[in-house]
Amino acid sequence: ENSQFKLQDIEKEHASLRATAEELDESHESLKVAYKAMEGERDTLLSQRKHGLAEFENQMSLVKEQNATEINQLKLKLYNKSDALDKANEDKLELEGYVQELLDQQQ
């Protein structure tokens, strides 16, 4: 009878251990699924970050190009104005010389 109780205790313990093992297997499978999902999210976020960085670099490149174009246009305007100013100064000197000649002729 005593060994009958021991056998029943061992069978109960065995059944309990088997149930625990099944729960652990289910938890393990659940964790594997969650891990795969987290890997997928990580990969998605990394991809989005790469894409965002590439987009930012592209925008910065466009801004640099626009700035370079604007600078060149402003340089051209400055050159043209400088050229016009030089021409105006030449004309002024020429007119001053002409006026001086007229004044000299009148005296």
Side-chain angles (χ1 to χ4, degrees):
E1 191 176 298
N2 196 13
S3 51
Q4 185 71 23
F5 280 126
K6 283 186 177 180
L7 183 58
Q8 286 177 345
D9 285 347
I10 290 172
E11 287 174 346
K12 284 181 186 175
E13 183 66 24
H14 185 256
S16 173
L17 289 173
R18 180 169 284 162
T20 301
E22 287 175 10
E23 288 176 13
L24 286 174
D25 282 345
E26 288 174 9
S27 293
H28 183 246
E29 288 302 316
S30 177
L31 286 172
K32 284 192 335 191
V33 168
Y35 182 77
K36 283 286 184 198
M38 287 172 57
E39 280 184 323
E41 285 182 42
R42 180 200 64 202
D43 292 347
T44 300
L45 290 172
L46 286 173
S47 175
Q48 287 173 346
R49 190 173 100 190
K50 274 185 191 174
H51 178 72
L53 183 59
E55 184 64 28
F56 174 76
E57 288 172 345
N58 188 33
Q59 290 295 323
M60 289 306 296
S61 178
L62 289 174
V63 167
K64 283 181 181 178
E65 284 180 34
Q66 289 171 342
N67 286 346
T69 300
E70 257 182 72
I71 287 170
N72 287 335
Q73 288 173 343
L74 290 172
K75 283 180 180 177
L76 185 59
K77 277 185 182 179
L78 181 62
Y79 175 78
N80 288 339
K81 288 187 181 204
S82 177
D83 199 34
L85 184 60
D86 288 346
K87 179 73 172 119
N89 281 335
E90 287 175 18
D91 290 350
K92 178 184 166 208
L93 289 174
E94 193 177 308
L95 284 173
E96 285 176 348
Y98 179 70
V99 167
Q100 190 60 47
E101 275 183 38
L102 288 176
L103 288 175
D104 288 348
Q105 286 176 4
Q106 284 181 351
Q107 290 177 349

Study note, to complete from the structure: NE2 of His51 to OG1 of Thr44, rounded to nearest 0.5 Å, is 13.5 Å
Point to revise | Gln8 atom CD, neighbour heavy-atom count above 12 within 6.0 Å | key: yes
Review point. Do Gln100 and Glu96 have side-chain N/O donor and acceptor atoms under 3.5 Å apart?
Key: no
Check your understanding: In Å, rounded to the nearest 0.5 Å, how long is the span from CE of Met38 to CG of Leu45?
Key -> 11.0 Å
Review point. Is it true that Lys87 and Asp91 have a side-chain N and a carboxylate O under 4.0 angstrom from each other?
Key: yes
Revision key, fill the gap. Output for pair (Leu7 CG, His14 NE2), nearest 0.5 Å, gives 11.5 Å
Point to revise | Point-to-point distance, once rounded to the nearest 0.5 Å, from CG of Leu93 to CD of Glu90 | key: 8.0 Å
Would you mind writing out the side-chain donor-acceptor pairs for residues 18-27 within the sub-3.5 Å range, not counting sequence neighbours?
{"residue": "Thr20", "atom": "OG1", "partner": "Ser16", "partner atom": "O", "Å": "2.9"}
{"residue": "Ser27", "atom": "OG", "partner": "Glu23", "partner atom": "O", "Å": "3.1"}

Check your understanding: Can you check whether Glu57's main-chain N or O pairs, donor with acceptor, with Ser61's side chain at less than 3.5 Å?
Key -> no
Check your understanding: Hydrophobic cluster mates of Phe56, side-chain heavy atoms under 4.5 angstrom, ILVMFWY only, any path?
Key -> Met60
Point to revise | side chain to side chain contact (heavy atoms under 4.5 Å, CB included) assessment of Tyr35 paired with Lys32 | key: CA-CA 5 Å; Tyr35 182 77; Lys32 284 192 335 191; 5.6 Å; no
Point to revise | Candidate pair Lys50 and Leu46, rule side chain to side chain contact (heavy atoms under 4.5 Å, CB included), full reasoning | key: CA-CA 6 Å; Lys50 274 185 191 174; Leu46 286 173; 5.7 Å; no
Check your understanding: Are any non-hydrogen side-chain atoms of Leu53 and Arg49 less than 4.5 angstrom apart?
Key -> no
Review point. What distance separates Leu17 CG from Lys12 NZ, expressed to the nearest 0.5 Å?
Key: 14.0 Å
Exercise for review: Give, for atom CG of Asn67 and atom CG of Asn72, the distance between the pair rounded to the nearest 0.5 Å.
Suggested key: 11.0 Å
Review point. Gln105 and Glu101: side-chain hydrogen bond (donor to acceptor under 3.5 Å, both in side chains), yes or no, with the steps?
Key: CA-CA 6 Å; Gln105 286 176 4; Glu101 275 183 38; 4.7 Å; no
